[in-house]
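Taking it in order: structure first as structure tokens, then the write-up.
Heavy atoms only: backbone and side chains are in, while hydrogens, waters and symmetry mates are out. Chain A is the first sequence line, chain B the second, and so forth, proteins listed ahead of strands; every chain is numbered from 1.
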Amino acid sequence: MKSSDVAKVFQDVADLLELKGENPFKIRAYQKAARSIEHLPVEIEQLVAEKRLGEIPGVGEAITKKIDELVATGRLEYYEKLKAEFPEGLSTLLDIPGVGPKTAVLLSGELGVSSADELEAAITGGKVARLYRIGDKTAENILHQIHAMRREDRRIPIGEALPIVDEILLRLKYLPGVRNLSPAGSLRRFRETVGDIDLMATADNAKDVIRSFTLLPQVKEVRASGTARASVIVAGGLQVDLRIVEHDAFGSLLQYFTGSQQHNILLRERARRKGLSLSEYGITNLDTQEMEKFDDEAAFYHRQDLQFIPPELREGQQEIERAEQGTIPELLEIADIKGDLHVHTNWSDGRDSIEDMALAARDRGYQYLAITDHSRGRGIAHGLDADRLEQQIAEIENLNQRISGIRILSGIEVDIRADGILDLPPELLIKLDVVVASVHSAMNQPQEKMTRRILRAIENPLVDVVAHPTCRLLPGREPVSVDMEVILQAAAKNKTALEISAMPSRLDLKDIHIYRARELGVKLVINTDAHSKRHLEFMRFGVGISRRGWCEAHDIMNTRPLDEFLSSLEAW
DNA sequence: GCCGTTTTCGGCCCGACTGTTTTCAGTCG
């Protein structure tokens, strides 16, 4: 049973206890445990096996027992009994924004409603607005939320959101009177998908800035616009909120709106134990009731005797303890990257020539670039057979004579066939500097078969890098069924590197796998899988997601300067 | 149910908004 499944059970338990009107702190305990488990950097089965459940924040004796039961048997007696106390589906009403436990129980008790559809019918029939403490407005709001829920999930990949936000920030930055300006929320934490975008600023003339914001060319629709806040819809249906705040509290406000919620809760609990109360407006000393304000976010952390915690780490894992000890890692920066080891050219399905790609890489300050076109099995991508690969190797040798300032490495992205055999023979692969292997076909294999297939590539001494092991696409394609723990351990053992795909639709490995890989000492590389010069810019997404995996520069092979990288390649 | 520089009991993050009330309950992030 996966962490996410276990987390789901405890979240459900919390919902059911809410319906029951249980002790709110008991409910919070289950919610807290669920959130911790959901964001766990390792699979929970791993922790069960190592008897380390107690290390999870918010997991004590009782929940440990319940996790053991869940993982061992796949079900939880306590949960089954709770479920039986309520009409089937009642807790799904809690998914509707605006419907909490009190309302859900009321709806079920008075009207026998236990699903969104039934609720919709009851509202349209005018039954809901007559209930105690519910009026026309509340009923209408709930109906509106039900309709909103039926539309698609509005979270979009960060790769789509960030360029839009960059453009907006660029425009806002140069408006007269704007002083501070920053994104907040999950975008700033660099989550792989984001919901609404939160922007925060301080300005001398809030009203004018808000007005200019609503008049930006990107804006398709203005949802709300006041004196200090506006909410607009831009291309792709993305909602962007701009909030103008008091200058002297910008630090604590930015901290608060960056989240995550779990991080903030843990921070506040800790502060309370030290006699401080945190809010978005500042830090209050509980003895004197005096509040201190912070215009700077780092100062807000320092006041609590904590190191500054980079937004990417604020997920309520170990970051607060580490900041206490002063051992927050110095996270990887985009400038640390010295090369890209996975790009395509017009020899297969890329757009630009080898030379153009190399020059573009040099312009980015890279010292090396590996050309890794597809192998012959990718017929549709015009994959290279033995003859054309030989020609390409010769071409690269030529170019290396002609072009200075960048070293072009020969390579291939060779298909891992359904049986785990590579798509090109060893006598050819051995001639190449970099062999990247990846799965592009037969993605619906059962977990055991897929895992063995990828293991076979990892164990192949000619393979340097295994790319996008889960083959997921954002949004849309679910990851293939593969035992990541087995893959990661094998990669560590065989000294085969795993690729962190910077391509925004992949981001594969994802953050928790990167974290675990680092823990196991797996060699990691960040590659763009660029199919044109422009795609080299994707590197920022790979760096962002690696920062969420707590990576420092030395964790990533392609941060090494050319000479060091080449000698490490020999020993690979 | 969890947890500890107020430690095995007695607390538990904090503020805002909305709508329904007549002083505040419910919900959210």
Pair A:Arg516-A:Glu485, salt bridge (Lys or Arg N to Asp or Glu O under 4.0 Å): steps then yes or no | CA-CA 8 Å; A:Arg516 179 64 179 157; A:Glu485 181 64 23; 2.7 Å; yes
With side chain to side chain contact (heavy atoms under 4.5 Å, CB included) as the test, would you mind laying out the steps for A:Lys207 and A:Asn205 before giving the verdict?
-> CA-CA 6 Å; A:Lys207 247 174 124 175; A:Asn205 45 350; over 6 Å; no
Apply side chain to side chain contact (heavy atoms under 4.5 Å, CB included) to A:Lys102 and A:Leu106, showing your working.
-> CA-CA 6 Å; A:Lys102 296 286 194 295; A:Leu106 185 70; over 6 Å; no
Working for side-chain hydrogen bond (donor to acceptor under 3.5 Å, both in side chains), residues A:Glu319 and A:His263 = CA-CA 9 Å; A:Glu319 72 273 12; A:His263 173 82; 2.8 Å; yes
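A:Arg548 places a side-chain N or O within donor-acceptor distance of the main-chain N or O of A:Arg189, the cut-off being under 3.5 Å.
The nearest whole Å value for the distance from the CG atom in A:Asn23 to the P atom in B:dC2 is 12 Å. Atoms CG (A:Leu94) and P (B:dG26) sit 14 Å apart, rounded to a whole Å. One interatomic measurement links the two molecules: NZ of A:Lys65 to P of B:dG1, which rounds to 11 Å at whole-angstrom precision. Atom P of nucleotide B:dG1 and atom CD1 of A:Ile56 are separated by 17 Å, given to the nearest angstrom. In this structure, CD of A:Gln31 is placed 12 Å from C1' of B:dG1, rounded to the nearest angstrom. Distance A:Gln145 CD to B:dT27 P: 13 Å, rounded to the nearest Å. Distance A:Asp305 CG to B:dT5 P: 14 Å, rounded to the nearest Å. Taking atom CG of A:Asp95 as the reference point, atom P of B:dC28 lies 10 Å away to the nearest angstrom.
Under the 4.0 Å criterion applied to side-chain N and carboxylate O atoms, A:Glu18 and A:Lys20 are not assigned as salt-bridge partners. At a threshold of 4.0 Å, the pair A:Arg188-A:Glu297 counts as salt-bridged, since one of the basic side-chain nitrogens sits closer than that to a carboxylate oxygen. The pair A:Glu140-A:Lys137 fails the salt-bridge criterion, with no side-chain N (NZ, NE, NH1 or NH2) lying under 4.0 Å from an Asp/Glu carboxylate O.
The separation of B:dC17 from B:dT22, taken at their P atoms, amounts to 23 Å, rounded to a whole angstrom. B:dT8 and B:dC12 are spaced 16 Å apart, taking the C1' atom of each and rounding to whole Å. To the nearest whole angstrom, the two P atoms, one in B:dT21 and one in B:dG26, are 12 Å apart. Taking atom P in both B:dA16 and B:dG11, one finds a spacing of 25 Å when rounded to whole Å. Straight-line distance between the C1' atoms of B:dG10 and B:dT6: roughly 10 Å, to the nearest whole Å.
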Restricting both atoms to N or O, compile the protein contacts to nucleotides 6-10 of chain B shorter than 3.5 Å, with distance only.
unit_1 : atom_1 : unit_2   : atom_2 : d
B:dT6  : OP1    : A:Arg273 : O      : 3.1

Are there any protein N/O atoms within less than 3.5 Å of an N/O atom in nucleotides 21-25 of chain B, and if so, which ones and at what distance?
none

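In this structure B:dT8 sits in no base pair that meets the Watson-Crick or G-U test at under 3.5 Å.
Relative to the ring axis of A:Phe294, A:Arg303 does not place its NZ or CZ within 45° and under 6.0 Å from the centre. Figure legend: A:Lys83 and A:Tyr79 shown as a cation-pi pair, the cationic atom lying under 6.0 angstrom from the six-membered ring centre and within 45 degrees of its axis. Figure legend: cation-pi geometry between A:Lys66 and A:Tyr78, with NZ or CZ positioned under 6.0 Å from the six-membered ring centre and within 45° of its axis.
Look at A:Tyr281 and you'll find a side-chain N or O under 4.0 angstrom from OP1 or OP2 of B:dA16. OP1 and OP2 of B:dT18 both lie 4.0 Å or more from every side-chain N or O belonging to A:Thr138.
The residue among A:Ala62 and A:Pro101 whose nearest nucleotide of DNA chain B is located toward the 5' end is A:Ala62.
Heavy-atom contacts from other residues, nucleotides or ligands closer than 6.0 Å to CD of A:Gln289 number more than 12.
Listed in residue order, the members of residues 250-270 of chain A having a heavy atom less than 4.0 Å from DNA chain B are A:Tyr256, A:Gln261, A:Ile265, A:Arg268, A:Glu269.
For A:Lys26, whose side chain is taken as the heavy atoms from C-beta onward, the closest listed nucleotide among B:dC28, B:dG1, B:dT20 is B:dG1.
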